[in-house]
Amino acid sequence: MNRRRSSYLATVFSFIVVIILLAPIIISVAMSFTTSDTLGFPPVGFGLKWYQAVISEAKWQDRLPVSITVAVLSSLISTSIGTLAAFALVRSKIRGSNLISTLFIAPMIVPAVVLATGMYFVWAKGWSLGAIVIGGKLVGTITGLVLADIVIAIPLPFILVRASLANLDKTLELAAKNLGASPVTTFMTITFPLILPGILSGLIFAFMTSWDEVVIASFLSSPRVSTVPVAIFQQLRETLDPSAAAISSMLLLVGIILVSLLSLTRRKPAEIPEE
Amino acid sequence: MSLLSIRDLCFRYGEKSVLKNLSLEVEEGEFVSLLGPSGCGKTTALMLIAGFEHPDQGVINLGGEDINDVPAHRRNMGMVFQYYALFPHMSIIDNVAYGLRQRKINKAAAYKAAEEALNLVQLPGLAHRMPSQLSGGQQQRVALARAIVIKPRLLLLDECLSSLDRKLRVEMEVELRKIQREVGITTIFVTHDQEEALTMSDRVALMRDGAVVQFDKPNIIYEHPKDSFVASFLGKANFMEGSIRSAQDGTYTMQLDNGNLLDFGASQSLATGSKYIIAVRPEKMTISASQSKNTPIKGTISLVTYAGGTTQYGVQAVGKEWIIQSQNDTVRGAIFAVGDEMWFGWQADNSLVL
């Protein structure tokens with residue numbers, strides 16, 4: 001009796017959690033199909049009016065390429081750096097490897113506003129170390145946004161690749177060498193394919209980090225060069241126009257597609273038959 | 001000239017000296033076991049032979065060539081790892097063909113050779129499965145096929161049977177030995193299991209603290225152990241420590257370290273007044289309900305361990321504990337019970353003077 005009751009309570013609780021998690025998404029998507037001119041819930045009518053508006057409107061047409069370029073470039077670069085760093089830290093005995101690891105994970109811990117403020121000054125005015133000036137004149141440029149997103153996206157690929165490498169049985173690499181594979185061949189035929197799921201997950205997470213980033217991007221954007229999430233945020237402050245809901249839904253769709261891809265990169269553990 | 005000749009190999013791991021002047025000569029076609037307790041350096045020795053680690057001192061010579069500086073992937077050795085180390089993302093046939101593909105052999109020829117190797121280890125028809133779909137015993141065979149298909153100069157086996165259950169392990173021992181003879185491949189087998197080492201090897205190198213203590217044929221190392229470590233690591237033994245008080249016609253009286261006097265025979269002559277350690281294997285002892293010429297020592301049974309074919313008795317006599325193994329040669333099973341008084345002894349030949 002007691003057991004049934006607790007499992008009933010667990011079901012109800014889970015259901016409430018799911019509703020809380022899903023409600024904002026469902027509301028936002030539902031509102032995007034409205035035919036009314038104001039953002040409201042429940043939506044009035046059903047149509048693709050606002051999707052057409054988004055596609056034809058110049059504002060979104062300018063922002064989308066910026067968002068895509070920044071997300072693609074920053075995710076590729078941050079995943080490459082994160083992978084190489086993870087490899088170096090797992091496979092060699094570097095002094096202070098714990099400190100280096102912590103630095104790579106730091107962007108996840110530092111509040112976005114703190115990071116954004118610091119970045120804004122360095123990106124805008126540069127940071128002079130004696131004769132050398134780092135940064136400057138980067139606000140409102142694609143380069144500036146890419147650099148910022150590399151910094152904030154690095155922790156995830158780094159952590160994921162490091163975990164893949166740590167879980168990789170080192171004797172597999174020894175076995176490959178023993179069978180005549182050079183260190184480079186061993187990496188290409190054994191290590192890389194086995195940590196590839198980790199690298200791809202890292203890449204997708206890095207892409208998503210950049211894709212929906214608002215805080216840092218709003219500091220580093222200019223009226224001419226800005227990303228989609230920043231524009232949504234600005235628009236919601238000015239007018240309650242359903243086009244923001246439509247574009248949000250489109251961002252969401254990209255996320256759903258990528259996360260589905262992610263689940264494909266995880267290999268299904270095969271069953272081990274009985275002796 | 002031996003095929004593999006290791007001289008004065010030293011290897012330190014951090015502060016710890018793992019190998020201390022290890023020397024070993026292995027002949028062509030021989031099956032040699034490196035046997036020893038954990039931490040004796042046997043696996044490290046194998047890693048150095050395979051080239052995964054570099055010795056701090058000493059020489060590894062293979063077929064007349066010093067291979068200290070030859071990297072692992074150019075040594076042409078086949079290794080079977082403890083947990084098989086099959087490549088999980090490759091099918092069985094690709095695993096077995098991997099070494100051949102590294103030798104620039106074309107795919108068709110490599111697959112053909114790999115299939116022959118799989119037939120040799122009695123695994124036909126599994127070529128296109130993935131490693132995770134195979135049982136432990138099957139993975140073991142694949143690992144063996146992968147190692148021998150490249151026709152290595154040396155086959156290195158790293159405790160590769162210890163993860164199998166007992167029945168399968170015994171099966172694999174027989175099969176491994178059969179394959180090794182068929183292929184005629186020189187093999188070095190690392191194990192901590194003395195029974196495995198004795199049954200499989202042409203010669204056993206017993207290791208302790210990074211060096212070889214004794215290197216001999218199984219029957220020699222078992223019947224003529226060099227010291228009490230060898231005698232106790234390979235099988236069980238009763239040790240008597242003390243000094244010889246008197247000697248007469250090959251019968252000696254020893255004053256044990258606990259003060260008691262013990263009479264026994266030995267075929268080796270012992271000097272009166274000197275200290276000795278004498279070992280006797282439990283199965284070399286005779287046990288009887290009555291005193292006789294062969295069973296002069298009186299004892300009390302303190303433990304009975306029945307094991308089917310044999311019974312092992314714990315016996316209290318002359319102030320110490322003895323282990324005596326007796327063959328159950330009648331259907332009655334164990335003939336003594338705890339608390340029984342009995343007599344035991346052994347032939348003079350069976351006294352091992354250490």
Side-chain angles (χ1 to χ4, degrees), chain A residues 83 86-87 90-98 160-161 163-203 261-275, chain B residues 14 43 46-47 49-53 71-90 94-105 126 129-140 143 146-150 152 154-156 158 164-165 167-168 171:
Chain A
T83 300
F87 205 80
V90 173
R91 283 301 148 85
S92 56
K93 291 162 196 150
I94 299 175
R95 268 168 175 273
S97 62
N98 276 339
L160 290 165
V161 175
S164 304
L165 275 172
N167 287 331
L168 181 69
D169 182 2
K170 274 187 201 164
T171 58
L172 295 177
E173 292 170 349
L174 294 185
K177 288 199 177 111
N178 177 252
L179 292 167
S182 67
V184 173
T185 312
T186 301
F187 181 81
M188 293 312 293
T189 57
I190 307 297
T191 317
F192 184 71
L194 290 174
I195 61 167
L196 190 60
I199 296 177
L200 288 178
S201 310
L203 186 69
L261 284 178
L262 190 65
S263 63
L264 289 179
T265 65
R266 288 211 195 95
R267 267 177 301 123
K268 191 174 62 177
E271 285 166 42
I272 295 166
E274 289 295 306
E275 200 57 63
Chain B
T43 296
L46 202 69
M47 295 294 155
I49 295 169
F52 300 142
E53 301 281 1
H73 66 279
R74 298 216 185 91
R75 289 196 181 190
N76 196 23
M77 294 180 182
M79 182 146 172
V80 179
F81 292 84
Q82 189 172 3
Y83 300 104
Y84 327 133
L86 298 182
F87 306 133
H89 58 304
M90 293 182 193
D94 282 326
N95 262 281
V96 179
Y98 188 88
L100 298 172
R101 299 289 286 145
Q102 298 312 317
R103 284 161 179 74
K104 308 288 173 231
I105 290 167
L126 295 177
R129 301 253 187 108
M130 297 305 279
S132 56
Q133 294 170 303
L134 266 54
S135 69
Q138 290 172 324
Q139 292 189 26
Q140 179 71 77
R146 185 176 71 172
I148 57 179
V149 77
I150 58 173
L154 277 181
L155 179 63
L156 308 174
D158 183 18
L164 301 175
D165 62 54
K167 187 170 162 282
L168 199 59
E171 246 177 71

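Source: prediction; values computed, not measured. Protein chains get the first letters and strands the later ones, always in sequence-line order, with residue 1 at the start of each.
The main-chain N or O of A/T189 is found under 3.5 Å from a side-chain atom of B/H89 such that the two form a donor-acceptor pair. Distance alone, capped at 3.5 Å, places no donor-acceptor pair between the A/D169 side chain and the B/A85 backbone.
Atom CG in A/L179 sits 11.0 Å away from atom CE in B/M79 (nearest 0.5 Å). Atom-to-atom distance recorded for A/K170:NZ and B/F52:CZ is 13.5 Å, nearest 0.5 angstrom.
Shown here for B/H73 and A/P183, the closest heavy-atom pair between the two residues is CE1-CD, 3.7 Å. When all heavy atoms are compared, the tightest approach of A/T186 to B/Y98 is CA-OH, 4.4 Å. B/F87 and A/L172 make their closest contact through CE2-O, 3.3 Å (heavy atoms, listed as atom of the first residue, atom of the second, distance).
In this structure, the portion of B/L86 lying under 4.5 Å from any heavy atom of chain A is its backbone and not its side chain. Heavy atoms closer than 4.5 Å to chain A are found in both the backbone and the side chain of B/R146. No part of B/R74 comes within reach of chain A, as not one of its non-hydrogen atoms sits under 4.5 angstrom from that chain. Of the atoms belonging to B/M90, it is side-chain heavy atoms, and not backbone ones, that fall under 4.5 Å from chain A.
Just one of B/Y83, B/F81, B/Y84 meets the side chain to side chain contact (heavy atoms under 4.5 Å, CB included) condition when paired with A/T171; it is B/F81.
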